Amino acid sequence: MNAHDPDVHSLLGPYLLHALEPAERAAFEEHLTACASCREEVAELRPAVAALSDRPSPPPAGLREQIISRAAETRSVRRSPRRRLRVAAVAAAVLLAVGGGIVATQRGDDRMTAADVFAAADVRTHDMPTKMGAVRLGMSHELHMVAVDGRALTDPGAGMAYEVWWSANGRATSVAMFQETESVVVPMREGELQITMEPMAGSDAPTSPPLLAMPAASL
Amino acid sequence: MPRRGLLRSVPPVHAQPQQLMAAIAAGDLDAFGELYDRFASAVHGAALQVLRDPARAEEVTQEVFLEAWRGAAQYRSERGGLRTWLVLIAHRRAIDVVRSVEASRAREERAARRELHEVPGPEADLVTAAEWADVRHCLEGLTPLQLESVTLAYYDGFTYPEIAAHMGRPLSTIKTRMRDGLARLRDCLEEA
Ligand SMILES: [Zn+2]
């Protein structure tokens, strides 16, 4: 069934109950963008669906701290040129919360955008095909930074994002995360620059094969 | 907001969902903590009800909040507000987990062990017992076919074609019963 099938309205019940396979779910979501009457009905019925889940149960006490510190770690992911100044304001707090190292580096990066790197006099750009679309990399020796422009990539799917790693001696270190509408800047390092698809919260190590692997020497 | 620290002991700081989500979208960790404090039990409960596995429910709770943290800018206020939004994200993720880890056979056995009118979930806690009694009462007002279609999907993670096959009914019947079952549930809850 596709989004234009006259019968597609009838998927509304299963859609609300999360009882569709991914393909039909996508078709119905596309239909929703075009069908005001289904949109209205979905909005009206949603609270009743959520009521079926209304059995509050407090999570274990340690979870709050774990989630908040995880959020603090992934803060840099959400950086966009528009938001940079506001994010910089919380950077100091994050620095205290997480401490040292990589966050300090990323905080410095807050002042630089991918556009700055691509505009550098000595920039070298590379358009790299991946199975999710093209990635444009820009490297400036002078700035000692690599820009990763992911805006030609496709949506990695619900709950997923792209993660950038520097991999050396068999160990990958996460340096940034971004979504398909974003570009990020990461510091230049030794080893191999890699991009993988990961859950939005980020992974401790790559959990999928790299979409792209580029030795620093080739940048 | 100046002198935030002084206000910290006066929750909730952000009365409006839009305000809270805008602060989170701007990277405000205090606002994020507030979101957690207000909705963690609802999110965790929704996950636990489907998963019945504390470790997995905890994982889903974490994913839901981190998704809210990352996706705060995409939040649009809707009927039912933040609680509905978060609970339904939790439910959908829990269903995805159930589908990926539990073979359909195991889910059928699990569904078969449950009495038709028994709705799974953590033991009722006193605070919400009254509200939950409304939900239960309204579920009991559904026709058997509506009830079975809704609960097999929502609590056991079956897709509507699986339910149609299981019950030996046409696909169109199951789709329709889900939709009119939910409409009846909505009407009943509004009266309650
Ligand atoms: Zn429609």
Side-chain angles (χ1 to χ4, degrees), chain A residues 7 9-21 24 41-60 62-64 66-72 74-75 77-80 83 86-91 93-94 97 158-159 161 177 179 199-202, chain B residues 26-29 32-33 36-37 40-42 44-46 48-49 54 57-58 61-63 65-67 69-70 78-80 83-84 87-88 90-93 95 121-122 124-125 127-128 131-132 135 150 153-154 158-161 163 172 174-183 185-186 189:
Chain A
D7 204 27
H9 304 278
S10 72
L11 295 178
L12 188 141
Y15 169 77
L16 279 164
L17 290 165
H18 302 154
L20 294 176
E21 294 288 356
E24 280 193 322
E41 193 172 342
V42 162
E44 268 176 20
L45 292 178
R46 230 176 215 149
V49 180
L52 292 170
S53 288
D54 200 1
R55 314 245 49 200
S57 162
L63 192 61
R64 184 184 199 276
Q66 192 180 321
I67 290 178
I68 304 242
S69 66
R70 204 74 205 258
T74 58
R75 173 201 56 86
V77 168
R78 309 162 64 254
R79 182 174 61 211
S80 69
R83 220 180 269 154
R86 279 179 292 164
V87 171
V90 298
V94 171
M177 290 192 80
Q179 284 175 307
M200 271 188 182
Chain B
D28 182 339
L29 282 170
F32 184 58
Y36 183 88
D37 294 338
S41 287
H44 179 253
L48 190 60
Q49 185 181 35
E58 204 177 319
T61 304
Q62 168 153 330
E63 286 169 12
F65 279 101
L66 291 175
E67 189 173 328
W69 168 246
R70 287 186 48 92
E78 54 173 283
R79 249 169 283 209
R83 187 188 185 90
T84 292
V87 155
L88 291 178
H91 178 269
R92 186 178 161 200
R93 280 190 168 257
I95 292 287
D125 67 57
V127 186
T128 58
E131 264 175 55
W132 185 250
V135 175
V150 166
Y154 200 75
F158 289 107
T159 62
Y160 79 90
I163 295 169
S172 57
I174 301 304
K175 287 189 284 186
T176 311
R177 292 298 84 84
M178 287 177 166
R179 183 184 196 160
D180 56 33
L182 286 174
L185 190 65
R186 184 256 335 257
L189 288 168

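Every chain is numbered from 1 and lettered A, B, ... according to where its sequence line falls, protein lines coming before strand lines. In this text, all values refer to a predicted model and were calculated from it rather than measured experimentally.
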Undergrad: If you tally heavy-atom pairs under 4.5 Å against chain B, which of A/Leu20, A/Val49, A/Leu12, A/Ile68 wins?
TA: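 Ranked by contacts with chain B, first place is A/Val49.
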Undergrad: For side chain to side chain contact (heavy atoms under 4.5 Å, CB included), just list the numbers for B/Arg179 and A/Leu16, CA-CA rounded to whole Å, side-chain angles, deciding distance to a tenth of an Å, and then say yes or no.
TA: CA-CA 8 Å; B/Arg179 183 184 196 160; A/Leu16 279 164; over 6 Å; no
Undergrad: What residue, out of A/Pro14, A/Ala48, A/Pro199, A/Ala51, has the most heavy-atom pairs lying under 4.5 Å from chain B?
TA: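 Max contact count across the listed options: A/Pro14.
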Undergrad: Check whether B/Leu189 gets within reach of chain A through its side chain, its backbone, both or neither, counting any heavy atom under 4.5 Å.
TA: side chain
Undergrad: Quick one: of A/Ala50, A/Ser53, A/Gly159, A/Pro60, who has the most non-hydrogen atom pairs under 4.5 Å with chain B?
TA: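 Result: the option with the highest number of such pairs is A/Ser53.
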Undergrad: Is the shortest side-chain heavy-atom distance between A/Ser57 and B/Ser41 below 4.5 Å?
TA: no
Undergrad: So which residue, B/Glu63, B/Glu67, B/His91, ends up with the most heavy-atom pairs under 4.5 Å with chain A?
TA: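 Heavy-atom pairs under 4.5 Å are most numerous for B/His91.
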Undergrad: Could you check whether any side-chain N or O of B/Gln49 sits under 3.5 Å from a backbone N or O of A/Leu52, counting only pairs where one atom can act as donor and the other as acceptor?
TA: yes
Undergrad: Could you check if a side-chain atom of B/Ile163 sits within less than 4.5 angstrom of a side-chain atom of B/Arg177, using non-hydrogen atoms only?
TA: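 The answer is no; the side chains never approach within 4.5 Å.
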Undergrad: With a 4.5 Å limit on heavy-atom distance, are the side chains of B/Leu88 and B/Arg92 in contact?
TA: no
Undergrad: Between B/Arg93 and chain A, with a heavy-atom cut-off of 4.5 Å, which part of the residue counts as in contact: side chain, backbone, both or neither?
TA: side chain
